[in-house]
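Presented below is the structure to which this report refers.
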Amino acid sequence: MLEGVMDKITFLIITHYRHAYLRRALDCYLRANVNILIADSTDTFFSYHNQHENLRYFHYPDMPFNMKMIEVFHHVKTPYVVLCADDDFTIPSAVQSCINFLEANQDFSSVQGQSIYFAVTDSKSFDVTLFYVSDKSHEANALTAEERLMQTMKNYVHQYHSVHRTEIAKCCFQKLHSLYSIRNLGEIGITLMPAINGKHRILPIFYQARERLETAGSLQVPGILEIIANSEMRKEYEIFLEAVTNYFCQQT
């Protein structure tokens, strides 16, 4: 389907004890014939009925998230990567537009489109709401890294699932996130590190549908205030701040 440009990107699906969602996501992505890499930390091996030449599966039973990401990024060989949650749907044609944008704008390190939340209410209907409604035209476009960091954190927009230049994302996980284990800090890190390296923009295109889950099995990730208030987690927060600061100094 989306050949040429799409050969330059890897759809990296991250999953942990949610094979039903993973199977649903694969049924969607494989129709678009995109390159898929799965990082699965479930203790049981995932069996999928549709064996596909563009699908690579890596099994890391119960491996901590940060270690899993360090390992799986050794296998990302394309110049671009998009991180995909197993319960979300990132639109391949929108990803193609993002790649075209990054190819034409070398001063940008990441880009994404507009997202929606959906929630299944019953067998025949579901609710849809816009994600980051007030920030649909967000851009961190300053000329210096200092100013881009200020733009990014003053009006924080989740950039985890953006189309990233692989070398920057790989550095974030293999050099930065290897120093601490709290996943939420990693999500902030992959927003800050691209801002240090270049600009970011939300394009006016439908990019992603994210399912709003209310189930008890959903992953609970501590927020920044909770991390700071907890003496053990605060140690990792301080490691994170020092690592980002050192990276900023090295790059600038």
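- With hydrogens and angles disregarded, no donor-acceptor distance shorter than 3.5 Å links the side chain of Ser162 to the backbone of His164.
- Atom CE of Met150 has 12 or fewer heavy atoms from other residues, nucleotides or ligands within 6.0 Å.
- Ser110 contributes atom OG, which lies 7.5 Å from atom CG of Leu102 (distance to the nearest 0.5 angstrom).
- For Arg18 and Tyr21, the positive end sits near the middle of the six-membered ring, less than 6.0 Å away and at most 45° from its axis.
- For the side-chain contact (heavy atoms from CB on, under 4.5 Å) test with Phe240, the passing option among Leu192, Asn184, Leu179 is Leu192; the others fail.
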Discussion item. Evaluate Thr10 against Phe73 for side chain to side chain contact (heavy atoms under 4.5 Å, CB included), listing each step before the verdict.
Written reply: CA-CA 10 Å; Thr10 297; Phe73 258 97; over 6 Å; no
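- Aromatic ring centroids of Tyr237 and Tyr180 lie 6.0 Å or more apart.
- In terms of hydrophobic clustering, with Ile, Leu, Val, Met, Phe, Trp and Tyr side chains grouped at heavy-atom distances under 4.5 Å, Phe46 and Met69 are assigned to different clusters.
- With values rounded to the nearest 0.5 angstrom, Met193 atom CE is found 5.0 Å from Cys172 atom SG.
- Counting only N and O atoms by type, the side chains of Tyr17 and Asp62 include a donor and acceptor under 3.5 Å apart.
- With ring centers used as reference points, Phe108 lies 6.0 Å or more from His200.
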Discussion item. The test is side-chain hydrogen bond (donor to acceptor under 3.5 Å, both in side chains); show your working for Thr144 and Glu147 and say whether it passes.
Written reply: CA-CA 5 Å; Thr144 68; Glu147 292 174 302; 2.9 Å; yes
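- Partner Asn141 forms a side-chain hydrogen bond (donor to acceptor under 3.5 Å, both in side chains) with one of Arg201, Gln151, Lys199 and no other, that one being Gln151.
- Separation of atoms CZ (Phe58) and CG (Leu37) is listed at 5.0 Å; rounding is to 0.5 Å.
- For the residue pair Lys8 and Thr78, no side-chain donor N or O sits within less than 3.5 Å of a side-chain acceptor on the partner.
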Worksheet item: Passes side chain to side chain contact (heavy atoms under 4.5 Å, CB included), Leu55 versus Tyr29? Steps please.
Response: CA-CA 10 Å; Leu55 174 62; Tyr29 290 132; over 6 Å; no
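- The two atoms that bring Leu203 and Ser97 nearest to each other are CD1-O, 4.4 Å, heavy atoms only.
- Each of Leu22 and Tyr60 belongs to its own hydrophobic cluster when Ile, Leu, Val, Met, Phe, Trp and Tyr are linked at side-chain heavy-atom distances under 4.5 angstrom.
- At most 12 non-hydrogen atoms from other residues, nucleotides or ligands lie less than 6.0 angstrom from CD of Glu242.
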Practice prompt. Check the pair His19 / Asp40 against side-chain hydrogen bond (donor to acceptor under 3.5 Å, both in side chains), numbers first and verdict last.
Written response: CA-CA 9 Å; His19 284 172; Asp40 182 12; 2.7 Å; yes
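- Using the six-membered ring where Trp is involved, Phe65 and His177 have ring planes that are tilted, between 30° and 60° apart.
- Between Val34 and Phe11 the shortest side-chain heavy-atom distance falls below 4.5 Å.
- Using cut-offs of 30° and 60° for the angle between ring planes, the Phe173 and Tyr160 rings count as perpendicular.
- Here the closest non-hydrogen pair linking Asn66 and Ser178 is ND2-O, 4.3 Å.
- Ile188 CD1 to Arg183 CZ: the interatomic distance, rounded to the nearest 0.5 Å, is 13.0 Å.
- Not one N or O on the side chain of Gln208 forms a donor-acceptor pair closer than 3.5 Å with the backbone of His161.
- Hydrophobic cluster membership differs between Val72 and Leu176, with clusters built from Ile, Leu, Val, Met, Phe, Trp and Tyr side chains linked at under 4.5 angstrom.
- The CD1 atom of Ile36 sits 11.0 Å away from atom CG of Leu12, with the distance rounded to the nearest 0.5 Å.
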Discussion item. Would Leu83 and Ile190 count as a side chain to side chain contact (heavy atoms under 4.5 Å, CB included) here? Give the steps.
Written reply: CA-CA 11 Å; Leu83 306 179; Ile190 203 167; 3.9 Å; yes
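- For the pair Tyr48 and Leu30, the minimum side-chain heavy-atom distance is below 4.5 Å.
- With hydrogens and angles ignored, the 3.5 Å screen pairs no side-chain donor or acceptor of Arg165 with any backbone N or O of Pro194.
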Discussion item. The test is side-chain hydrogen bond (donor to acceptor under 3.5 Å, both in side chains); show your working for Tyr80 and Glu167 and say whether it passes.
Written reply: CA-CA 8 Å; Tyr80 304 102; Glu167 288 307 310; over 6 Å; no
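- By the 4.5 Å heavy-atom criterion applied to side chains, Ile38 and Arg56 are not counted as neighbours.
- Each of Glu238, Glu232, Glu236 was checked for a salt bridge (charged side-chain N to carboxylate O under 4.0 Å, His left out) with Arg234, and the lone residue meeting it is Glu238.
- Side-chain contact annotation: Asn54 with Asn33, donor-acceptor N/O pair under 3.5 Å present.
- At least one donor-acceptor pair under 3.5 Å links the side chain of His59 to the backbone N or O of Thr42.
- Residue Lys175 holds its NZ atom at 12.5 Å from CD1 of Ile70, rounded to the nearest 0.5 Å.
- A single hydrophobic cluster is seen to contain both Ile99 and Val82, as judged by linkage of ILVMFWY side chains at heavy-atom distances under 4.5 Å, directly or through other members.
- A donor and an acceptor atom, one from each side chain of Ser109 and Asn197, are nowhere located under 3.5 Å apart.
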Discussion item. Ile202 vs Gln114, test: side chain to side chain contact (heavy atoms under 4.5 Å, CB included). Steps then yes/no.
Written reply: CA-CA 7 Å; Ile202 296 180; Gln114 297 173 11; 4.0 Å; yes
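- The backbone N or O of Ala142 lies less than 3.5 Å from a partner atom in the side chain of Arg148, making a donor-acceptor pair.
- Taking hydrophobic clusters as Ile, Leu, Val, Met, Phe, Trp and Tyr residues chained together by side-chain heavy-atom distances below 4.5 Å, Val81 does not share a cluster with Leu26.
- Side-chain atoms of Arg24 do not come within 3.5 Å of backbone N or O of Ala20 as any donor-acceptor pair.
- Judged by distance alone, the side chain of Asn105 and the main-chain N or O of Asp107 form no donor-acceptor pair under 3.5 Å.
- Phe89 is not listed as a side-chain neighbour of Glu211, based on a closest heavy-atom distance of 4.5 Å or more.
- Of all heavy-atom pairs spanning Tyr247 and Cys171, the tightest one is CE1-SG, 3.8 Å.
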